[in-house]
J.: 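One structure follows; several queries about it will come next.
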Number of protein chains: 2
Amino acid sequence: MSGEVGTSLKARLGAGRRLTGQRKVIADVVQASRDHPDASEIHRRAAAIDPRISLSTVYRTLKVFAEAGLIEQHSFGGPRARVERTPNRHHDHLIDTTTGRVIEFRSEEIERLQAEIARELGYELTGHTLELYGHPLRGKTARTSKS
Amino acid sequence: MSGEVGTSLKARLGAGRRLTGQRKVIADVVQASRDHPDASEIHRRAAAIDPRISLSTVYRTLKVFAEAGLIEQHSFGGPRARVERTPNRHHDHLIDTTTGRVIEFRSEEIERLQAEIARELGYELTGHTLELYGHPLRGKTARTSKS
DNA sequence: TCGTTATTGCAAATTATTGGCAATAAAAAG
DNA sequence: CTTTTTATTGCCAATAATTTGCAATAACGA
C-alpha cells in the first residue's frame, strides 16, 4: 500500500488490529488501483477476487485503513468518497469537468503557501483539501489521465 | 445578498423565477449569517421568522440560489453542505479542527498559482475547493473567528 | 490447540437530500 | 383589479451513501 517499505501491512494496521482475508484483498485492490474508486467500486473489484466480502466490510475496512493512514479519501465534487492509497509524495487533484477524469499534480509552491498562511493566522496546518475543476483548453490535450 | 448592488433579488434569480415570501426570508437569513450554516440551521432560523417554511423549500431554494450564483456551498470536512453568500471578493477557508471554527482568508498568490497549474496541465480553471485544516499554535490566538 | 475478542455478513437504521403530487400563490394577461 | 397561468410550496415517501446491532466466525497470542 504505502508507508515505509518493508513494514508489514499487519504492523501498519496498528495494535489489536487483525489482518483478515478480506482486508488483504481490499488492500490489494486499493494497491492495484491506478484510478480513484469509491466504496462500491472497490467492493465490486474485491468481490471478484473473493465473493465472501460484503459492502459493509469494505466501508469498515476503508475506515480502518484511513485511520491507519494507509489511504486517503477525497470527494471530487461528487456524493461518494473516492479512495487512493496514501502516496509517497503528496499531491493534489484537478478534475476534468467534461469527463470526470482526475489528474494528479504537485506544487511545492502551493504547499509552502498553505502552511505559511495557516501560520500567519495562528494555526499549525494539519491537513488540507485542494481540488481544481476545469475543462480542456481548445486544442491542447492533457498529458496525464487518471479517473 | 451579493452581486451588483442595486440589482433586485428577483432579477438575480433569473427569468421565470418567482420571488416568494419564503425565498425572501431565506435570502435574508443567508444574508444576515456571518457564519456558515447548513440547510437545517437555515431552516431553523427561517422558520423562526416565518413558520410556514419547510425544510424541503430550504433545500430547493438553496439550489436555486446556488444556480443563480447567489450563494456557495462548502463541505468543511463534514457531511452537510455549509452555505455562505457569494462574497464580493473570493476567499478560501481554514477550519480550526479543535473547535470547528471557520476562518476566511484570501491569497492572490494561491489563486494565481492554481490558474497557472491548470493551464500547464492543459485546462482552463473554472472552479476550485481549498480548505486548510489546523489547530491553534500554542500561545497564539486567532484574530478572525467565524463558524 | 484453545480461548479471547476483533471482525464479518446481513439486515435494519441513520443521515442528508431529493422527488411526487395536489394545493397555493406569484406575476403575467386582460 | 380580476382572471389565468404555472412556478413554488408543504407534506411525506423515496433515494443514496454510509453506519450500526447482533449473532456467527475467524485471527492470533498464549
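All values reported here derive from a predicted model rather than from experimental measurement. Reckoned from all heavy atoms, side chains included, excluding hydrogens, waters and symmetry mates. So you know, we letter chains A, B, ... as the sequences are listed, proteins then strands, and number each from 1.
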J.: In chain order, what residues pass the side chain to side chain donor-acceptor pair (under 3.5 Å) check against His128(A), with sequence neighbours excluded?
T.: His90(A), Asp92(A), Gln114(A)
J.: Starting at CZ of Arg82(A) and ending at P of dT18(D), how long is that distance when rounded to a whole Å?
T.: 11 Å
J.: Thinking salt bridges, do Glu108(B) and Arg112(B) make one under a 4.0 Å N-O criterion?
T.: no
J.: Please tell me which of Leu55(A) and Gly21(B) maps to the more 5' nucleotide of DNA chain C, matching each residue to the nucleotide holding its nearest heavy atom.
T.: Leu55(A)
J.: Taking C-beta and beyond as the side chain, do Leu125(B) and Ile117(B) meet within less than 4.5 Å on heavy atoms?
T.: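 No, every pair of side-chain atoms sits at 4.5 Å or beyond.
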J.: What's Gly16(A) touching, base or sugar-phosphate or nothing? Going by heavy atoms closer than 4.0 Å.
T.: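 Sugar-phosphate contact only.
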J.: Please work out whether the ring planes of His74(B) and Phe76(B) are parallel, tilted or perpendicular, with thresholds of 30° and 60°.
T.: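 Taking Phe76(B) first and then His74(B), their aromatic rings lie parallel (interplane angle under 30°).
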J.: Toward the 5' end of DNA chain C, which comes first, Arg60(B) or Ser56(A), by nearest nucleotide?
T.: Ser56(A)
J.: With Asp35(B), which of Arg45(B), Arg101(B), Arg82(B) fulfils salt bridge (Lys or Arg N to Asp or Glu O under 4.0 Å)?
T.: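 Only one option passes, and that is Arg45(B).
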J.: May I have the distance from Lys63(B) (atom NZ) to dA16(C) (atom P), rounded to whole angstrom?
T.: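 In whole Å, dA16(C) P and Lys63(B) NZ are 17 Å from each other.
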J.: Taking only Lys NZ, Arg NE, NH1 and NH2, and the carboxylate oxygens of Asp or Glu, determine whether Glu116(B) and Arg119(B) approach each other closer than 4.0 Å.
T.: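 The answer is no: the pair does not qualify as a salt bridge.
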J.: Polar atoms only, N or O, under 3.5 Å: list the protein pairs with nucleotides 28-30 of chain D and their distances.
T.:
from    : atom 1 : to       : atom 2 : distance (Å)
dC28(D) : OP1    : Leu19(A) : N      : 2.9
dG29(D) : OP1    : Lys10(A) : NZ     : 3.4

J.: Kindly say if Tyr59(A) contacts the phosphate of dT18(D), meaning a side-chain N or O under 4.0 Å from OP1 or OP2.
T.: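 The answer is yes; a side-chain N or O of Tyr59(A) sits under 4.0 Å from OP1 or OP2.
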